Amino acid sequence: MDTTDLEKEKSHIIVEIIQYIPNAVLSKTIIKKATGNITASSFDAGEELAEKTSPYDNYIQIIDGSAEITINEKTHFLKLGEGIIIPAHAKHCFNANVQFKMISTIIKSGYED
């Protein structure tokens, strides 16, 4: 994973900051701070991220393609432009039936429900 923030005070075409890599999931950090982070990820078709949990809410927005996201054993299908909040401590995983790119935003408030 690339942990370098994007250049500040410069516009970006968000869907172009990360490319597809055959047979891979690729992530690029947009901003990483102690209080949270924003990450762009690309999933090649057929790739997945195994089930995990996070102590923080995570907002996912699809910026290219469409994604299958399972949260607490319920499957959601998100299309381009759609988003969903993965609640703190929820089991979740991602499956790429087709290529997709997403932005993940986590804000660590310290007062999680």
Side-chain angles (χ1 to χ4, degrees):
M1 178 187 302
D2 182 352
T3 58
T4 306
D5 287 359
L6 287 180
E7 186 177 340
K8 295 178 182 177
E9 296 187 36
K10 181 182 177 202
S11 65
H12 304 278
I13 299 173
I14 198 69
V15 75
E16 292 180 0
I17 66 170
I18 192 162
Q19 302 304 315
Y20 290 111
I21 303 295
N23 306 308
V25 175
L26 185 65
S27 294
K28 179 175 181 56
T29 300
I30 297 172
I31 298 173
K32 184 177 180 100
K33 305 289 182 195
T35 53
N37 57 60
I38 301 172
T39 306
S41 299
S42 67
F43 290 69
D44 194 23
E47 295 300 308
E48 63 181 33
L49 281 183
E51 185 176 86
K52 66 178 188 172
T53 62
S54 169
Y56 306 104
D57 288 346
N58 185 355
Y59 181 69
I60 301 295
Q61 182 179 9
I62 304 306
I63 60 171
D64 190 46
S66 60
E68 177 184 322
I69 302 172
T70 302
I71 304 170
N72 288 329
E73 300 180 12
K74 182 177 179 190
T75 301
H76 305 267
F77 296 94
L78 276 66
K79 299 179 299 216
L80 175 65
E82 293 183 329
I84 194 167
I85 297 171
I86 300 172
H89 309 291
K91 293 180 183 177
H92 62 279
C93 62
F94 297 88
N95 291 302
N97 298 319
V98 296
Q99 286 183 327
F100 75 91
K101 294 179 183 179
M102 70 179 193
I103 298 293
S104 168
T105 304
I106 297 173
I107 299 171
K108 302 175 183 179
S109 69
Y111 300 100
E112 300 304 320
D113 296 330

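None of these values were measured; they are calculated from a predicted model.
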Rounded distance (nearest 0.5 Å) linking atom CG of Asn37 with atom OG of Ser27: 10.5 Å

Side-chain (Glu16) to main-chain (Ile13) donor-acceptor, under 3.5 angstrom: no

Criterion side-chain contact (heavy atoms from CB on, under 4.5 Å) against Ser42, the qualifying member of Lys28, Gln19, Glu47, Lys101: Lys101

Gap between atom CD1 of Ile60 and atom CG of Leu78 - 0.5 Å precision: 9.0 Å

Residue pair Ser41 / Ile18: nearest heavy atoms and the distance that separates them: CA-CD1, 3.8 Å

From CA spacing to verdict: side-chain contact (heavy atoms from CB on, under 4.5 Å), Lys52, His92: CA-CA 6 Å; Lys52 66 178 188 172; His92 62 279; 3.7 Å; yes

From Tyr56 atom OH to Ile106 atom CD1, the distance as rounded to the nearest 0.5 Å: 9.0 Å

ILVMFWY network linking Ile31 to Ile63, side-chain heavy atoms under 4.5 angstrom: yes

hydrophobic_cluster_shared for Ile14 and Met102, side chain cutoff 4.5 Å: no

Glu51 side, atom CD; Ile71 side, atom CD1 - distance, nearest 0.5 Å: 11.5 Å

Verdict with supporting geometry, Ser66 and Val98, side-chain contact (heavy atoms from CB on, under 4.5 Å): CA-CA 7 Å; Ser66 60; Val98 296; 3.5 Å; yes

Reported SG-to-CD distance for the pair Cys93 and Glu68, which is rounded to 0.5 angstrom: 7.5 Å

Pairwise distance CG(Asn97) to CD(Glu48) - rounded to 0.5 angstrom: 10.0 Å

side-chain contact (heavy atoms from CB on, under 4.5 Å) partner of Ile103, the single match among Ile30, Ile62, Thr39: Ile30

Option among Thr70, Asn95, Ile69 that satisfies the side-chain contact (heavy atoms from CB on, under 4.5 Å) test with Thr75: Thr70

Working for side-chain contact (heavy atoms from CB on, under 4.5 Å), residues Ile38 and Tyr59: CA-CA 9 Å; Ile38 301 172; Tyr59 181 69; over 6 Å; no

Closest non-hydrogen atom pair between Thr53 and His89, with its separation: CG2-O, 3.9 Å

Neighbour count above 12 (heavy atom, 6.0 Å) for Ile85 CD1: no

Single-linkage hydrophobic cluster Tyr20~Ile17, side-chain heavy atoms < 4.5 angstrom: no

Side chain Asn72, main chain Ala90, donor-acceptor under 3.5 Å: no

Aromatic ring pairing Phe100/Phe43, orientation class (parallel under 30°, perpendicular over 60°, tilted between): parallel

